[in-house]
Amino acid sequence: MLAAGCGGRATTHHKPGTSHQEAVGGTGTLLPAQDGTGRRLREVPAADAPAVRAEARPDSEGGWNLRVDVTRFRFTPESAGGAAVPGRGHAHLLVDGKETARLYGPWAYVPPGARTLTVRLHADDHTVWAVAGRPVEATLALAPGAAAPAPATSPAQPPAPGRTLSLTVTGSTVQPPPSRVELKKGDRITLRVTSDRADTLHVHGYDRELPLPAGKPATLTLTADRTGLFEVETHESGLLLTQLVVR
């Protein structure tokens with residue numbers, strides 16, 4: 001598997017005692033939400049956001065050769081660990097949902113056995129570039145022995161429609177009452193939650209969070225890319241809103 005390190009000297013490293021995500025950056029809005037690896041999202045307008053496409057072609061000796069095409073973005077290994085700067089950074093490669101490598105260029109080799117590949121764009125401070133609360137990434141489904149799949153588009157493009165679940169929290173009451181929502185792996189679901197008091201929505205297992213302002217609806221969209229039973233709760237009030245069953 002491709003391995004990469006921080007090449008060269010970072011020009012804007014964060015101060016001692018602060019995390020990468022707290023490095024001073026002059027772009028976007030740092031959201032409380034995180035991606036599946038625990039890194040916070042950095043929201044930018046769609047018109048200014050980077051975009052990524054990826055395609056994988058079978059290698060003659062097995063495995064896949066992955067090509068990554070980016071727009072409004074360039075790889076800057078010399079600045080890794082520095083502040084977030086528009087249109088700069090690196091990518092993380094996830095194989096079957098597990099982060100396996102950092103990419104500083106357009107090519108990577110993936111050994112045999114992989115089923116899905118995700119390329120996610122990060123700023124130099126390791127936050128995740130995001131549009132509308134979703135990481136800027138491209139995902140490929142691999143079929144052993146099949147022809148190379150068509151390029152995946154960046155999530156900055158309009159997402160495919162999915163299921164929407166609307167929930168209302170009043171005091172300690174949830175409407176509709178908590179139940180189990182059946183999903184197939186790969187399905188998209190949007191949670192639209194209105195709470196009568198400020199709180200935070202948390203989707204366990206996916207480590208997705210969403211601030212809930214008092215009296216205003218908030219939405220969180222995710223792709224059910226892992227199987228199991230996942231509870232959706234509020235942090236402050238500790239209420240169970242629903243359960244997602246992904247098969």
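Nothing fancy with the numbering, it's 1 onward along the sequence. What you see below is based on every heavy atom in this structure, not just the backbone, and it leaves out hydrogens, waters and symmetry mates.
Considering only heavy atoms from C-beta on, Val85 stays 4.5 Å or farther from Thr27 through its side chain. In this structure the side chain of Arg40 never reaches within 4.5 angstrom of the side chain of His126, judged on heavy atoms. Between Leu117 and Val95, the closest side-chain pair of non-hydrogen atoms falls below 4.5 Å. Side chains of Arg42 and Leu30 form a contact here, defined as non-hydrogen atoms less than 4.5 Å apart. Put simply, the side chain of Arg247 does not reach to within 4.5 Å of the side chain of Thr227, judged on heavy atoms. Using a 4.5 Å cut-off on side-chain heavy atoms (C-beta onward), Pro135 and Trp129 make no contact. The shortest side-chain heavy-atom distance between Thr223 and Thr139 does not fall under the 4.5 Å cut-off. You'll find the side chain of Asp187 stays beyond 4.5 Å of the side chain of Arg163, heavy atoms only.
The two residues Phe73 and Gly89 have their closest heavy-atom pair at CZ-C, 3.5 Å. Considering all non-hydrogen atoms of both residues, Leu121 and Ala91 come closest at CD2-CB, 4.0 Å. What you find for Leu240 and Glu231 is that their closest heavy atoms are CD1-CB, 4.0 Å. When all heavy atoms of Val131 and Ala46 are compared, the pair lying nearest together is CG1-CB, 3.8 Å. In terms of heavy atoms, Gly97 sits closest to Thr116 at N-OG1, 4.2 Å. Minimum interatomic distance between Ala198 and Ala214 (heavy atoms only, all atoms of both residues): N-CB, 3.7 Å.
Note that the CZ atom of Arg120 and the CZ atom of Arg102 stand 14.0 Å from one another [nearest 0.5 Å]. With rounding to the nearest 0.5 Å, the separation of CG in Leu201 from CG in Leu239 is 11.0 Å. Atom CZ of Arg188 sits about 11.0 Å away from atom CG of Asp225, to the nearest 0.5 Å. Taken from CD1 in Ile189 to CG in Leu183, the straight-line distance is 5.0 Å, to the nearest 0.5 Å. Between the OG atom in Ser237 and the CG atom in Asp196 there is a gap of 9.0 Å [rounded to 0.5 Å].
With hydrogens and angles disregarded, no donor-acceptor distance shorter than 3.5 Å links the side chain of Glu236 to the backbone of Thr200. Under a 3.5 Å cut-off, the side chain of Asn65 and the backbone N or O of Tyr109 do not form any donor-acceptor pair. Not one N or O on the side chain of Arg192 forms a donor-acceptor pair closer than 3.5 Å with the backbone of Thr219. In this structure a side-chain-to-backbone donor-acceptor pair under 3.5 Å is present from Thr100 to Leu93. Under the 3.5 Å distance criterion, the side-chain polar atoms of Thr242 are left unmatched by any main-chain donor or acceptor of Pro178.
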Show me the donor-acceptor pairs, under 3.5 Å and distance only, between side chains in residues 166-176 and residues at least two apart or in other chains.
none

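Side chain to side chain, His92 and Glu99 meet the donor-acceptor criterion of an N or O pair below 3.5 Å.
Remark: Asp199 does not engage Arg197 in a salt bridge, criterion side-chain N to carboxylate O under 4.0 Å. Contact check on Glu55 versus Arg53 returns no salt bridge, with no Lys/Arg side-chain nitrogen under 4.0 Å from an Asp/Glu carboxylate oxygen.
Partner of Leu191 under the side chain to side chain contact (heavy atoms under 4.5 Å, CB included) criterion, out of Leu210, Val203, Val181, Thr221: Val203 alone. The only member of Arg134, Glu137, His122 that meets side chain to side chain contact (heavy atoms under 4.5 Å, CB included) when paired with Asp35 is His122.
Leu103 and Val52 fall within a single hydrophobic cluster, where Ile, Leu, Val, Met, Phe, Trp and Tyr are joined by side-chain heavy atoms under 4.5 Å apart, directly or via other members. In the hydrophobic cluster analysis, where Ile, Leu, Val, Met, Phe, Trp and Tyr join through side-chain heavy atoms closer than 4.5 angstrom, Val68 is grouped together with Trp64.
Applying the ring pair (Phe, Tyr, Trp, His ring centres under 6.0 Å) test to every pair with at least one member in residues 228-247, sequence neighbours left out, gives these pairs: His202-His235, Tyr206-Phe230.
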